[in-house]
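Okay, structure first, notes after.
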Amino acid sequence: MKIKRSERLIDITHYLLEHPHTLVSLTFFSKRYESAKSSISEDLTIVKKTFIERGIGILETVPGAAGGARYIPKMKEEDIKGIIQELCDELNHSERLLPGGYVYLSDMLGQPDWLRKIGRVIASFYMDKKIDAVMTVATKGVPIAQAVATYLNVPFVIVRRDSKVTEGSTVSINYVSGSSSQRVEKMELSRRSLKRGSRVLIVDDFLKGGGTVNGMKSLIEEFDAELVGATVIAENIYQGVRSIDNYTALLKVKSVDVESRTIQVVPGNFVASL
Ligand SMILES: O=P(O)(O)OC[C@H]1C[C@H](OP(=O)(O)OP(=O)(O)O)[C@H](O)[C@@H]1O
């Protein structure tokens, strides 16, 4: 069905936003709108320019007969910093203080708007790192992994701390969990989850001693896969020596005073790595 350019521009934009990191051919759009490829190319030029000016992302255009366009949800640095400051402002409230210096995050991990923002920020940072899969550990990391994986348009895999028959045969490793007073814990991942050589991004909600992220690093090695990076929403205060140092955190819990019930959450090292 032939439609006007203004309608094509809206539908093209909607389609590209729904299919990030996916090359959509000129032929596809030409058939979809019964329009000449030259008209579609002009449409994509308009969309590409607007995406950059409005901070919506990058539209990569591939020339030639098999050419097309690929939407990359790249964010402007100031927009990323703005979201990180919003997160700080949201967490800097005493009622979020939990025993052991933890900060209550679970409400935010259930809110689509926060997950969209967090997913986009992290996916934007890794947009050109050729990620094959996002990995996290059940439970609180799961919505974060899904949000990031959606913007990267890759699968996410869930590591479990308990065994489930529904996972089939698994690879398991033992790790020292700093959060549970140096207790040795187990985590496992279904053998079907990850192909050898996969490039993996680890995400999680919190990092304290770093044992959990370190455990997932060990699992990635067991699959002969490659760790591309590890990013958490917040790193907590930790008195001991962390078992991992190469990670980024959107936020850092700088200070917690249980007596006066005050908490100070500031931007983490993620900002410096932008
Ligand atoms: O850096 P570490 O010292 O290893 O601690 C960070 C772990 C602990 C906590 O998980 P839990 O609250 O134990 O588990 P769940 O996510 O299932 O709530 C958090 O979600 C990270 O995964």
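Numbering of ligands and ligand atoms starts at 1, following listing order. Treat the numbers as computed from the prediction; the structure is a model and nothing was measured.
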Would you say R242 contacts ligand 1, with heavy atoms under 4.0 Å as the rule? no
Those atoms of ligand 1 less than 4.0 Å from some heavy atom in [X]:
X	result
A138	15 (P), 16 (O), 17 (O)
L207	1 (O)
G209	1 (O), 2 (P), 3 (O)
G210	1 (O), 2 (P), 3 (O)

Does this structure show an ion pair linking [X] with [Y], if we count only N-O contacts that are shorter than 4.0 Å?
X	Y	value
K81	E78	no
R96	E90	yes
R8	D11	no

Whether the Y15 and R32 side chains hold a donor-acceptor pair (N or O, under 3.5 Å, no angle test) is what I'd like checked. no
Please determine if D204 has a nitrogen or oxygen closer than 3.5 Å to a nitrogen or oxygen of ligand 1. yes
Ligand 1-proximal atoms of D205, by part, heavy-atom distance under 4.0 Å: side chain
Residue selection (non-hydrogen contact nearest atom 4 (O) of ligand 1) among V213, N214, I244, T212: T212
Under the side-chain hydrogen bond (donor to acceptor under 3.5 Å, both in side chains) test against E60, which residue among K48, H21, R70 passes? R70
Looking at S190 and R192, would you say the former's side chain and the latter's main chain have a donor-acceptor pair under 3.5 Å? yes
